[in-house]
Amino acid sequence: MPNLIEDRLTSLLSAWIDANRPEGFPADIPVHVANRDEIRTRPCIVLATSESKPVQALPHTARVKLDVHVFTQVDDTSAETHAAWAGLLVSLLQDKAAIQTALDSDTFIIHDLIGRDSATTPDEARGRETLLSYEAVVSAL
C-alpha cells in the first residue's frame, strides 16, 4: 500500500503543479518525480516521498513525508529569483481546497497537506536547493 499511495501522490501532485503554475513562475521549468529515469536539468522541481506510515483508524490511508525540491544553478538564477520561485510554490501548495478538488477521485483522496520545515542551501555543483517539506495524509485504493 505505501508505494501505491506515494506513487499516486507524487504523480498527481506533480501534474497539478505543472498545470497550475502561479503567475511569475516560468512555464519551462520541469516538474519531476524522484526515482524516475527522467533527465534533470536545472532549474527544476522534484517531488520525493519517504516515511510512509499507515493510519490505523483509516484503511488504505497513510501519512507520507513529501519533499518538494527547487533546484537552480548559481550561474543562471540569482538567489532572489530562486527564493521568489520557492515562495510561489509555497503559496501554491497552501491552496489545499484547490489541490483536493483537483486530485480527489473514487480511488484517491488527499485529506491534508501540512507544511513542515523548509531550507535553502548551496550544493556542490554550484547550484542552490530549496527543500519544502510537507506531510500529506492520503488514502488510495
Lys/Arg N to Asp/Glu carboxylate O, Asp112 vs Lys96, below 4.0 Å: yes

Greater than 12 external heavy atoms within 6.0 Å of Asp117's CG: no

Do Tyr134 and Leu88 sit in one hydrophobic cluster, given that two such residues count as connected whenever their side-chain heavy atoms are within less than 4.5 Å of each other, even indirectly? yes

With a 4.5 Å heavy-atom cut-off, do Ser14 and Ile17 have their side chains touching? no

Donor-acceptor pair, distance only, cut-off 3.5 Å: does the side chain of Arg40 make one with the backbone of Pro30? no

Going by atom types alone, do His82 and Thr130 pair a side-chain donor with an acceptor below 3.5 Å? yes

In Å, rounded to the nearest 0.5 Å, how long is the span from OG1 of Thr77 to CZ of Phe71? 13.0 Å

Would you say Val64 and Leu131 are hydrophobically clustered, going by side-chain heavy atoms of ILVMFWY under 4.5 Å? no

Scanning both residues in full, the closest heavy-atom pair of Gly24 with Trp85 reads O-NE1, 3.9 Å

Grab the two heavy atoms, one from Arg36 and one from Ser11, that are nearest each other, plus how far apart they are. NH2-OG, 2.6 Å

Please find the pair of heavy atoms, one from Gly127 and one from Arg42, that lie closest to each other, and give the distance. CA-NH1, 3.5 Å

Hey, quick one: are Val33 and Leu66 part of the same hydrophobic cluster, counting side-chain heavy atoms closer than 4.5 Å, chains of contacts allowed? no

Leu113 with Val137, same ILVMFWY side-chain cluster at under 4.5 Å: no

If we only count heavy atoms from C-beta on, is the Lys65 to Thr49 side-chain gap below 4.5 Å? no

What distance do Asp95 atom CG and Thr101 atom OG1 have between them, rounded to the nearest 0.5 Å? 8.5 Å

Spell out, as yes or no, whether a donor-acceptor pair under 3.5 Å connects the side chain of Asn20 to the backbone of Trp16. yes

Measure the OG-NE2 distance between Ser133 and His69 for me, rounded to the nearest 0.5 Å. 7.5 Å

Identified side chain to side chain contact (heavy atoms under 4.5 Å, CB included) partner of Leu132 from the options Asp67, Ile45, Leu89, Leu47: Leu89

Does the side chain of His111 come under 3.5 Å of the side chain of Ser139 through a donor N or O and an acceptor N or O? yes

Could you tell me if the side chain of Arg63 sits less than 4.5 Å from the side chain of Ile114, heavy atoms only? yes

Which heavy atom in Gln100 sits nearest to a heavy atom in Ile110, and how many Å separate them? NE2-O, 3.1 Å

Which heavy-atom pair separates Leu141 from Arg8 by the least distance, and what is that distance? O-NH1, 4.3 Å

How close do Ala140 and Phe108 get, heavy atom to heavy atom, and via which atoms? CB-CD1, 4.1 Å

With respect to Thr61, which candidate in Val138, Val55, Ile109 satisfies the side chain to side chain contact (heavy atoms under 4.5 Å, CB included) definition? Val55

To the nearest 0.5 Å, what is the distance between SG (Cys44) and CD1 (Ile39)? 12.0 Å

